[in-house]
Peer 1: 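Submitted below is the structure of interest, expressed as structure tokens.
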Amino acid sequence: MTAQNSATAPERIAVATPPDPPAVGGTLQAVLGVTAFSLTFPATAWGLEGFGPWSLVAVRSVLAALIAGACLLVTRVRPPDRGHWAGLAVVAAGVVAGFPLLTTLALRTSTTAHAAVVVGLLPLTTALFAALRTGHRPSRTFWTAALAGAAAVVAFTVQQSGGALTTGDLYLFAALLVCAAGYTEGGRLARVMPGWQVIGWALVLCLPLSVPAAALALSYEPVRLTAHSVTGLLWVAAGSQFLGLVVWYRGMAAIGVPKASQLQLAQPLLTLVWSVLLLGEHLTAAAPLTAGAVLVCIAVTQRARG
């Protein structure tokens with residue numbers, strides 16, 4: 001090429017590619033979901049001050065279903081296709097019924113810090129379920145960062161609880177499995193229908209069981225209405241059970257189940273912060289160190305390509 005041709009040739013200028021708007025919005029929604037979930041254990045502890053475990057779980061499901069049903073009715077959403085009901089049943093069994101019940105039973109004997117171990121392991125378990133369910137294989141870097149983040153969270157939460165195992169551990173590990181299955185199936189369904197409809201229909205699907213369960217539990221377990229117990233019940237019903245899951249499933253649909261699940265590594269640390277502010281628990285000096293390690297792991301998993 002001559003000097004003249006070289007001078008007239010268009011220059012190649014490197015332009016930074018802006019972040020994909022759907023990915024940014026999906027990450028933000030997933031973060032909002034994690035924030036809502038981080039309040040679940042402290043709110044449940046408040047609720048248990050005035051309700052029995054079975055009453056708390058059943059009533060929260062009924063209240064959340066009424067909110068979801070009203071939204072579905074007002075917006076005139078048509079029922080899902082027949083092929084989606086099996087997936088919705090998995091979401092209902094894992095997220096609407098299984099996880100709330102098992103963790104509430106565990107919190108009768110476990111502290112919120114100890115129960116946060118479950119949440120620390122949930123992202124890794126969800127990624128495993130997603131890999132088995134969808135056939136997606138994240139990169140080695142992704143898995144290394146995910147395992148490192150999970151290990152950091154588990155070590156921190158176990159240290160916070162004094163390293164002692166509680167009688168609620170079986171409940172916690174069972175909750176981990178059923179919730180990961182529900183998250184994975186919900187994230188898959190959220191690709192073909194709006195996320196709020198996924199959890200909305202799952203909640204409505206549970207109504208034939210949750211209504212009689214609530215009536216039966218309330219007749220056997222004593223109820224003591226206090227500011228804490230009512231606030232806790234309302235939050236786990238509206239915030240954790242419906243609104244949090246709405247933005248969470250939308251986020252998973254936008255950025256993928258494995259990457260969204262890793263954002264949940266921050267949830268135990270947020271839960272411990274709420275536990276200090278709302279329940280009067282105390283944190284050790286390891287908290288900021290663990291928070292920094294977890295944030296690094298989250299950054300790596302978000303950049304790793306599967």
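Numbers here simply count residues along the sequence, with the first being 1.
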Peer 1: Could you report the tightest heavy-atom contact between Pro100 and Arg60, atom names first, then the distance?
Peer 2: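 Heavy atoms of Pro100 and Arg60 come nearest at CB-NH1, 3.5 Å.
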
Peer 1: Do the side chains of Cys297 and Val300 get nearer than 4.5 Å, heavy atoms only?
Peer 2: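 Result no, sub-4.5 Å side-chain heavy-atom pair not found.
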
Peer 1: Working to the nearest 0.5 angstrom, can you tell me the gap between Leu39 CG and Ser240 OG?
Peer 2: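 Here the interatomic distance stands at 7.0 Å.
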
Peer 1: Is it the case that one hydrophobic cluster holds both Leu189 and Val178, taking links as side-chain heavy atoms less than 4.5 Å apart, direct or via other members?
Peer 2: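 No; tracing contacts between hydrophobic side chains, which count when under 4.5 Å, never links both residues.
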
Peer 1: Kindly give the heavy-atom pair with the smallest separation between Leu203 and Ala64, and that separation in Å.
Peer 2: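 Leu203 and Ala64 have their closest heavy atoms at CD1-O, 3.7 Å.
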
Peer 1: Please determine whether residues Trp274 and Trp235 belong to a single hydrophobic cluster, defined as Ile, Leu, Val, Met, Phe, Trp and Tyr linked transitively by side-chain heavy-atom distances below 4.5 Å.
Peer 2: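 Trp274 and Trp235: one cluster.
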
Peer 1: Closer than 3.5 angstrom, by distance alone: can the side chain of Thr271 be matched with the main-chain N or O of Ser38 as a donor-acceptor pair?
Peer 2: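 Present.
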
Peer 1: Is a donor from one side chain sitting under 3.5 angstrom from an acceptor on the other, for Thr112 and Ser275?
Peer 2: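 Distance-only check passes for Thr112 and Ser275.
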
Peer 1: If every non-hydrogen atom of Leu279 is compared with every non-hydrogen atom of Ala45, which pair is closest and at what distance?
Peer 2: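 Taking every non-hydrogen atom into account, CD1-CB, 4.1 Å.
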
Peer 1: If you look at every heavy atom in Pro80 and Leu88, which pair is closest and at what distance?
Peer 2: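 Closest approach of Pro80 to Leu88, heavy atoms only: CG-CD1, 3.7 Å.
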
Peer 1: Is there side-chain contact between Leu269 and Phe156, with heavy atoms separated by less than 4.5 Å?
Peer 2: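 When only atoms from C-beta onward are counted, Phe156 and Leu269 do touch, with a gap below 4.5 Å.
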
Peer 1: Honestly curious: do Leu176 and Phe129 fall in one hydrophobic cluster under the side-chain, below-4.5 Å linking rule?
Peer 2: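 Unlinked, Leu176 and Phe129 end up in two clusters.
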
Peer 1: Using a 4.5 Å cut-off on heavy atoms from C-beta on, say whether the side chain of Phe173 contacts that of Leu177.
Peer 2: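 When only atoms from C-beta onward are counted, Phe173 and Leu177 do not touch, as no gap falls below 4.5 Å.
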
Peer 1: Parallel, tilted or perpendicular: which one describes the rings of Trp201 and Trp85, with boundaries at 30° and 60°?
Peer 2: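 Perpendicular: the ring planes of Trp201 and Trp85 meet at over 60°.
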
Peer 1: Could you tell me whether the side chain of Gln267 reaches within less than 4.5 Å of the side chain of Leu270, counting heavy atoms only?
Peer 2: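 Not in contact.
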
Peer 1: Identify the two heavy atoms, one from Gly200 and one from Phe242, that lie closest to each other, and give their separation to 0.1 Å.
Peer 2: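 Distance-wise, the nearest heavy atoms are CA-CE1, 4.3 Å.
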
Peer 1: Are the side chains of Tyr171 and Ser110 in touch, meaning some heavy atoms are under 4.5 Å apart?
Peer 2: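 No, side chains not in contact.
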
Peer 1: Which value, rounded to the nearest 0.5 Å, describes the distance between Gln241 atom CD and Leu63 atom CG?
Peer 2: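 Reported to 0.5 Å precision, the distance equals 10.0 Å.
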
Peer 1: So, Tyr183 versus Trp248, ring centres under 6.0 angstrom or not?
Peer 2: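 Aromatic pair counts; centres sit under 6.0 Å.
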
Peer 1: Find out if a path of hydrophobic residues (ILVMFWY) with successive side-chain heavy-atom gaps under 4.5 Å connects Leu66 to Val204.
Peer 2: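 No.
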
Peer 1: Quick one: pull up NE2 in His84 and CE in Met193 and give me the separation to the nearest 0.5 Å.
Peer 2: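 So the NE2 of His84 and the CE of Met193 are separated by 4.5 Å.
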
Peer 1: What's the shortest heavy-atom distance between Ala180 and Thr125, and which atoms?
Peer 2: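 In this case the closest contact between Ala180 and Thr125 is CB-CG2, 3.6 Å.
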
Peer 1: Are Leu245 and Val96 packed together at the side-chain level, in the sense that at least one heavy-atom pair is separated by less than 4.5 angstrom?
Peer 2: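 A side-chain contact is absent here, since even the closest heavy-atom pair is not under 4.5 Å.
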
Peer 1: According to the interplanar angle, ranging from 0 to 90°, do the rings of Trp46 and His228 count as parallel (below 30°), tilted (30 to 60°) or perpendicular (above 60°)?
Peer 2: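 If you compare the ring of Trp46 with that of His228, the planes turn out parallel.
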
Peer 1: Does CH2 belonging to Trp196 count more than 12 external heavy atoms closer than 6.0 Å?
Peer 2: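 Yes - once you tally the heavy atoms of other residues, nucleotides and ligands closer than 6.0 Å, there are more than 12.
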
Peer 1: Following the transitive rule for hydrophobic clusters with a side-chain heavy-atom cut-off under 4.5 Å over Ile, Leu, Val, Met, Phe, Trp and Tyr, establish whether Leu205 and Ile67 coincide in one cluster.
Peer 2: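 The answer is yes; both residues are in one hydrophobic cluster.
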
Peer 1: What do the steps show when you test Leu102 against Leu170 for side chain to side chain contact (heavy atoms under 4.5 Å, CB included), and what is the final call?
Peer 2: CA-CA 9 Å; Leu102 292 167; Leu170 289 179; over 6 Å; no

Peer 1: Is a side-chain donor or acceptor of Ser55 paired with a backbone partner of Ala217 at a separation under 3.5 angstrom?
Peer 2: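 Confirmed, Ser55 side chain pairs with Ala217 backbone.
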
Peer 1: Before giving the answer on side chain to side chain contact (heavy atoms under 4.5 Å, CB included), spell out for Leu216 and Ser219 the whole-Å C-alpha distance, their side-chain angles and the decisive distance to 0.1 Å.
Peer 2: CA-CA 5 Å; Leu216 183 62; Ser219 66; 4.2 Å; yes

Peer 1: With rounding to the nearest 0.5 angstrom, report the CZ to CG distance, Phe41 to Leu107.
Peer 2: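 Here the interatomic distance stands at 5.5 Å.
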
Peer 1: In the structure I gave you, are the side-chain heavy atoms of Thr40 and Thr103 within less than 4.5 Å of one another anywhere?
Peer 2: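 Contact flag for Thr40/Thr103 side chains = no.
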
Peer 1: To the nearest 0.5 Å, how far apart are OG1 in Thr104 and CZ in Phe51?
Peer 2: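 The CZ atom of Phe51 is 12.5 Å from OG1 of Thr104, to the nearest 0.5 Å.
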
Peer 1: Distance check, rounded to the nearest 0.5 Å: Thr35 atom OG1 versus Phe37 atom CZ?
Peer 2: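 Between atom OG1 of Thr35 and atom CZ of Phe37 there are 10.0 Å.
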
Peer 1: For the side chain of Ser61 and the backbone of Val57, is there at least one donor-acceptor N/O pair under 3.5 Å apart?
Peer 2: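 Side chain of Ser61 to backbone of Val57: no pair is present.
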
Peer 1: If you measure only the distance, is there a donor-acceptor pair under 3.5 Å linking the side chains of Ser229 and Thr226?
Peer 2: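 Yes, side-chain donor-acceptor contact under 3.5 Å.
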
Peer 1: For Arg188, does its backbone N or O pair with a side-chain atom of Arg191 as donor and acceptor, under 3.5 Å?
Peer 2: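 Not a single qualifying donor-acceptor pair exists.
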
Peer 1: Can you find a pair of side-chain heavy atoms, one from Leu263 and one from Ile255, that are under 4.5 Å apart?
Peer 2: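 Yes; the side chains approach each other to less than 4.5 Å.
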
Peer 1: Under 3.5 Å, is there a donor-acceptor pair between the side chain of Arg108 and the main chain of Pro53?
Peer 2: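 A pair under 3.5 Å: no.
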
